[in-house]
Amino acid sequence: MFFAKVNALGEMPESEMEKVGLFDTLPDNLTYTLVTPRLMEEAKAYALEHELIKNDYTSTKFDEFLRIAKALQEKEVQVLLFGSLGLEQRLFKDLSPDDIDILIPEIFMADEWEEFKGYVENLGYTLTDLHEHKFSNGKYNVGFAGIEGLSEFAGINTSDIPTTCKRCVTFKLLTTEQYLKVYTESSKDSYRRDKNNNKDLQKITLIKEALKEKH
């Protein structure tokens with residue numbers, strides 16, 4: 001199996017292959033039914049990681065996150081992509097996130113809130129919930145929370161969270177192991193569990209499967 005950029009298909013030389021075809025998904029009659037799907041997942045993960053192909057199921061929300069993160073970066077506000085949208089970037093799976101969840105230094109949630117609120121409003125957003133620090137522009141809903149809360153909530157030291165860069169935008173993104181800690185703690189909240197129909201438990205299963213494959 002090869003990952004390649006194909007510009008044109010020529011005539012197939014004499015070989016054991018029956019034919020050359022173009023497919024959106026893997027064909028049914030595979031020679032190696034267990035190995036080939038796994039190799040395809042690895043190739044797709046590599047392509048997404050290096051932005052060689054577009055991540056269609058998150059592209060719109062993720063593009064909007066990058067727009068917000070870039071603007072905040074210019075204001076020297078460090079951001080962390082959180083929630084399902086962030087987990088999608090780690091697992092390369094469609095989790096259908098409802099909102100864009102972003103963690104920022106708590107000082108912007110308190111002493112510098114008015115200034116920070118102005119940054120977000122300048123991007124076309126309106127504050128819809130002061131208590132939850134949620135904004136909306138009519139198309140996207142964005143929620144902010146303090147990054148320092150991860151330490152008490154899930155035992156995650158913010159200095160241990162890796163930084164990544166996409167399209168010249170720098171932001172923090174939890175590791176798969178750190179996401180497991182977050183969703184394990186979230187699943188203990190009965191209100192959240194009932195509200196999201198046990199979606200946290202489903203994410204925990206996906207995370208554990210990813211960690212198992214990783215090791």
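Taking the six-membered ring where tryptophan is involved, the planes of H133 and W113 are perpendicular, since the angle between them exceeds 60° and thus also 30°. Relative orientation of the Y119 and F116 rings is perpendicular, given thresholds of 30° and 60° on the angle between their planes.
Proximity of a side-chain donor or acceptor of Y179 to a complementary backbone N or O of G83 within less than 3.5 Å is detected. Listed for the R67 side chain is a donor-acceptor partner under 3.5 Å among the backbone atoms of L123. For E132 (side chain) and G143 (main-chain N/O), no donor-acceptor pair under 3.5 Å exists by modelled atom type. A donor-acceptor distance shorter than 3.5 angstrom exists from the side chain of T128 to the backbone of K134, with no hydrogens or angles considered. Checking side-chain atoms of R90 against main-chain N and O of L173 turns up a donor-acceptor pair under 3.5 Å.
The shortest side-chain heavy-atom distance between K208 and I204 falls under the 4.5 Å cut-off. Side-chain contact between P162 and Q178 is present, with at least one heavy-atom pair separated by less than 4.5 Å. Looking at Q73 and V79, their side chains never come closer than 4.5 Å, going by heavy atoms from C-beta outward. Using a 4.5 Å heavy-atom cutoff, the side chains of T158 and K172 are not in contact. Using a 4.5 Å heavy-atom cutoff, the side chains of L206 and L91 are in contact. Between F65 and V142, the closest side-chain pair of non-hydrogen atoms is not below 4.5 Å. Within the 4.5 Å cutoff, the side chain of Y140 has no heavy atoms near those of the I68 side chain. Using a 4.5 Å heavy-atom threshold, the side chains of L72 and F108 count as separate.
Note on E64 versus K61: no salt bridge recorded, every NZ/NE/NH1/NH2 to OD/OE distance being 4.0 Å or above. A salt bridge is absent between K212 and E209: the closest approach of a Lys/Arg side-chain nitrogen to an acidic carboxylate oxygen does not fall below 4.0 angstrom.
With sequence neighbours excluded, the residues satisfying side chain to side chain contact (heavy atoms under 4.5 Å, CB included) with S96 are D94.
L95 contributes atom CG, which lies 11.0 Å from atom CG of D98 (distance to the nearest 0.5 angstrom). Taken to the nearest 0.5 Å, the CD1 atom of I100 stands 10.5 Å off from the CZ atom of F62. Within the model, atoms CG of L87 and CG of D101 stand 11.5 Å from one another, a figure rounded to the nearest 0.5 Å. Distance check, rounded to the nearest 0.5 Å: OG of S186 to NZ of K203 gives 8.5 Å. Distance CG/L174 to CD1/I207: 9.5 Å, rounded to 0.5 Å. Rounding to the nearest 0.5 Å gives a distance of 9.0 Å between CG of L66 and NZ of K166.
N141 and S136 get closest at one heavy-atom pair: OD1-OG, 3.1 Å. Here the closest heavy-atom approach between residue S187 and residue D200 is recorded as N-OD2, 4.1 Å. Listed here is the closest heavy atom pair of K117 and L127: CD-CD2, 3.9 Å. Nearest heavy atom pair, residue Q89 against residue L81, reads CG-CD2, 4.0 Å.
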Run the side-chain donor-acceptor check on residues 144-154: report pairs under 3.5 Å with partners two or more places apart or on a different chain.
residue, atom, partner, partner atom, Å
E148, OE1, E106, N, 2.9
E148, OE2, E106, N, 3.4

### Message
Could you go through F171 and T163, starting from their C-alpha distance and side-chain angles, then the distance that decides it, and tell me whether this counts as side chain to side chain contact (heavy atoms under 4.5 Å, CB included)?
### Response
CA-CA 6 Å; F171 59 95; T163 299; over 6 Å; no

